[in-house]
Protein chains: 4
Amino acid sequence: MVRRPIIKPRKVASQERSRATVEALIEATARILVRDGFERASTNRIAELAGVSVGSLYQYFPGKESLVAAVIERHQQEIMQTVRDELAGVLDMPVEQAVRKLVAIAVKAHRVDPKLHRVLAEQIPRVGKLEKVASFNSENYALFRTYLESHRDELAVDDLELASFVCVTSIEALTHNAVLHHSRMLSDEAMEALTEEGARLVIRYLKG
Amino acid sequence: MVRRPIIKPRKVASQERSRATVEALIEATARILVRDGFERASTNRIAELAGVSVGSLYQYFPGKESLVAAVIERHQQEIMQTVRDELAGVLDMPVEQAVRKLVAIAVKAHRVDPKLHRVLAEQIPRVGKLEKVASFNSENYALFRTYLESHRDELAVDDLELASFVCVTSIEALTHNAVLHHSRMLSDEAMEALTEEGARLVIRYLKG
Amino acid sequence: MVRRPIIKPRKVASQERSRATVEALIEATARILVRDGFERASTNRIAELAGVSVGSLYQYFPGKESLVAAVIERHQQEIMQTVRDELAGVLDMPVEQAVRKLVAIAVKAHRVDPKLHRVLAEQIPRVGKLEKVASFNSENYALFRTYLESHRDELAVDDLELASFVCVTSIEALTHNAVLHHSRMLSDEAMEALTEEGARLVIRYLKG
Amino acid sequence: MVRRPIIKPRKVASQERSRATVEALIEATARILVRDGFERASTNRIAELAGVSVGSLYQYFPGKESLVAAVIERHQQEIMQTVRDELAGVLDMPVEQAVRKLVAIAVKAHRVDPKLHRVLAEQIPRVGKLEKVASFNSENYALFRTYLESHRDELAVDDLELASFVCVTSIEALTHNAVLHHSRMLSDEAMEALTEEGARLVIRYLKG
DNA sequence: GATGAATGAGCGTTCATTCAT
DNA sequence: GATGAATGAACGCTCATTCAT
């Protein structure tokens, strides 16, 4: 059995407190973005909801933009975690099966905190520090590219770079539109139909 | 019989003045959106750039949102005019040729004032009056759907509604990403390659 | 039978038109004051409701204040007409009867367009041209004073000037408060009780 | 037992700062009302005169109306303090003496910052939050009523409620008009005459 | 005279950010 | 470090008034 230290070193305690404050601020920002929208999300309100003074907010974040950037960062990490979790085994699947799986993953990824996702997609001005908020980050391209490379012989496409761009962009757009703009479509069967159709698009493209 | 005056009624003069003011305001809004971004586009600045007083601005537009909405409206009209101009004859083309043409049109459409297009896509908060602003309006679905219907026998898809959604969304996303986010790609040959690849995606999907 | 002129002189016609415009503007001002309150009563809105251009408004009235002043003037004329109409014979009445009649008149006067009366009393800033808006104009003092003088022997007061001030002020205040602030009191019997009590106040004062 | 620190808690300092700011704002509002009138009293001007930023103003007051309401509140408190200070012993006085005292009190009350009193009476639109602002608050009715009840047998009036209304309204109106509109009357002797006459009005009414 | 488009000072208000405590 | 009162530039918007037509 591991011996537990009776007292924790002070530094750690304060570090933990810092982390907790930072967490609280990011969480508060996310909640306010969802509740009030970007334009009404003020630093004072965020600090208040986080149970922290505005002064402290500025101790940890240089400004509003950073706060929002951190929310985006965290959201993308969560999405990528979901993606990575689901990705196991895909590399070994044949194209048809793999693509179906990938589309399903994309849908699932869009359903991680969809309200926040929507605000981030629709209300955040892609300007300054926030410019980097790509719809689907570059890791996806890399992952998909890797798959294509290891299945190159089954494919009817020449330029894998281009093909990755085409596939990832299409899947992302279909999923995004479906989830955000056609929420009525979200009956399970409609969603399945769409998933299937998206997969068909990509499969036919890749296999010629 | 009453003799009709040869000259036009007087009122036209002042109507023209109004029209000019409205035009100037919309144009100024567009220019400021491009130059300064949405967040820095204030009614006072817009009025100033339009060479008009704020008061006049509010005589014609109930607020900033309306102004931006008018800019979007105008931009979409211009795009749709481009699309309609190019569309002649497409209905009678075979699928391969038609799709190539359509993708080319989409690219061309995205090159109508691409800086403005980018701001509209990236910085306009989809909130309030601006909520219903679609990147690609529904007319496109309708046009594409019409094509699919009249070529139904050549196609390997069942649900034309769904197929329209899939195709239009994909083409739009590819074009959008290509034109806006990968400006390096904009060498003519790269663009041609992309156009070709987008067309291939859709053609293979439709023809099975 | 009086011979009617076949055509009216042009001057009269235009004078009538002017009068009609002025009337319309005053009426519109009164209606807007009642409907929207003083602060929201703008010259543009007044002109619009009057069916006249703002320009014309300024042809007849030098500014907003004048318009409001005209409304007050008109309202006071109407009140004084009511007062004068009812006043016949009061001069010859004995004090008790006369005072009762006068209080009744005051109540009646407060019921000429009570909504307008209320706005004028509560929302018009007594400043500039509008300063002269006395609650009850000086004609009342004069009329009452005249009565007191011609009944001097029946009275137990020395200074008739002072007595007029005391009586007119009291009656006016009682009536005003009753009509404006205690509108629930306006059941006929409550109002009668108040009238009677006001009369009693003044009668006892005057008769000692 | 925990030893109590001799010095006061630290927070008092900042609380005092807040209090000072609030005080300064109310005082500045009062001064601007007197100096410039209600219509020219803008939040920016008030803040400036208070030596405080507009932001601070809005930290403590939700808007201009609240500021004015606070001024009215404070003014009424001062008046009521004056009234209460003078009221000692009145309850035990006989009617004649009591009424004379009460009228004198009313006059004195109207001389607490009469310029401010005038602005509040003449320029404040009785609208919104300011609607319920009475010139003379209901405490006066209560106080007077209490006196009447404890001297009921000396009185020639039936309905004490009604009598209170009649007396308080009359005294208030006489005092108000005398102090505010007939400033010439303010020679000491004229004022005394008026006080006496007001007292006479009420005494005769109450004693029959 | 009549029109109504145009004006622009000025209003009430918000909010990212600072800094004395 | 933490606090929160204070800041003030800047915003969206109104409206009495003017003046070219």
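Hydrogens, waters and symmetry mates play no part in the numbers below; they use all other heavy atoms, side chains included. Proteins come first, then strands; the chains are lettered A, B, ... in the order of their sequence lines, and each starts at number 1.
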Task: Distance (rounded to the nearest 0.5 Å) between B:Gln76 CD and B:Glu78 CD - done: 11.0 Å
Task: Close approaches to DNA chain E from residues 46-56 of chain D, in residue order (heavy atom, under 4.0 Å) - done: D:Val54, D:Gly55
- [ ] Give a yes/no on whether any side-chain N or O of A:Thr43 is located under 4.0 angstrom from OP1 or OP2 of E:dC15.
- [x] no
TODO: Send over the distance from A:Leu57 CG to E:dC19 P, rounded to a whole Å.
DONE: 17 Å
Open item on the list: Going by the rule side-chain contact (heavy atoms from CB on, under 4.5 Å), which residues pair with A:Ala28 if we only count those two or more places apart in sequence or in a different chain?
Closed with: A:Ile46, A:Leu49, A:Ala50
- [ ] Select base, sugar-phosphate, or nothing to describe what B:Ser42 touches, counting heavy atoms under 4.0 Å on all strands.
- [x] sugar-phosphate
Under 3.5 Å, sequence neighbours excluded: what are the donor-acceptor pairs made by side chains of residues 53-60 of chain A?
| unit_1 | atom_1 | unit_2 | atom_2 | d |
| --- | --- | --- | --- | --- |
| A:Ser53 | OG | A:Ser56 | N | 3.2 |
| A:Ser53 | OG | A:Ser56 | OG | 3.3 |
| A:Tyr60 | OH | A:Ser18 | OG | 3.3 |

Task: Interface residues of residues 21-33 of chain D with DNA chain E (non-hydrogen, below 4.0 angstrom) - done: none
Open item on the list: Distance check needed: E:dC15 P versus A:Glu39 CD, whole Å only.
Closed with: 10 Å
Task: Spacing of B:Tyr60 atom OH relative to F:dC13 atom C1', expressed in whole Å - done: 17 Å
Task: Protein-nucleotide distance (A:Phe38, atom CZ; E:dC15, atom P), rounded to Å - done: 12 Å
Open item on the list: Base, sugar-phosphate or nothing for D:Arg40? Non-hydrogen atoms, less than 4.0 Å.
Closed with: nothing
Open item on the list: Looking at F:dC15, I'd like to know if its phosphate oxygens (OP1 or OP2) sit under 4.0 Å from a side-chain N or O belonging to B:Tyr58.
Closed with: no
Open item on the list: Output the rounded distance in Å from NZ (A:Lys64) to P (E:dT17).
Closed with: 9 Å
Open item on the list: Whole angstroms only, please: what is the CZ-P distance between B:Phe61 and F:dT14?
Closed with: 15 Å
Open item on the list: Do A:Gln123 and A:Glu39 have side chains that approach each other closer than 4.5 Å (heavy atoms only, starting at C-beta)?
Closed with: no
Task: From A:Ile72 atom CD1 to A:Leu130 atom CG, the distance as rounded to the nearest 0.5 Å - done: 4.5 Å
- [ ] For DNA chain E, write out the stems as range with range, using runs of 3 or more consecutive Watson-Crick or G-U pairs with both distances under 3.5 Å.
- [x] E:2-21 with F:2-21
Task: Interatomic distance, D:Arg45 CZ vs E:dA9 C1' [rounded to whole Å] - done: 11 Å
- [ ] If a pair satisfies salt bridge (charged side-chain N to carboxylate O under 4.0 Å, His left out) and one of its residues is in residues 22-31 of chain D, list it, with sequence neighbours excluded.
- [x] D:Glu23-D:Arg74, D:Glu27-D:Arg74
Task: Side-chain (C:Lys64) to main-chain (C:Ala41) donor-acceptor, under 3.5 angstrom - done: yes
- [ ] Take atom CG of D:Asn44 and atom P of F:dG12, then tell me their distance rounded to the nearest Å.
- [x] 17 Å
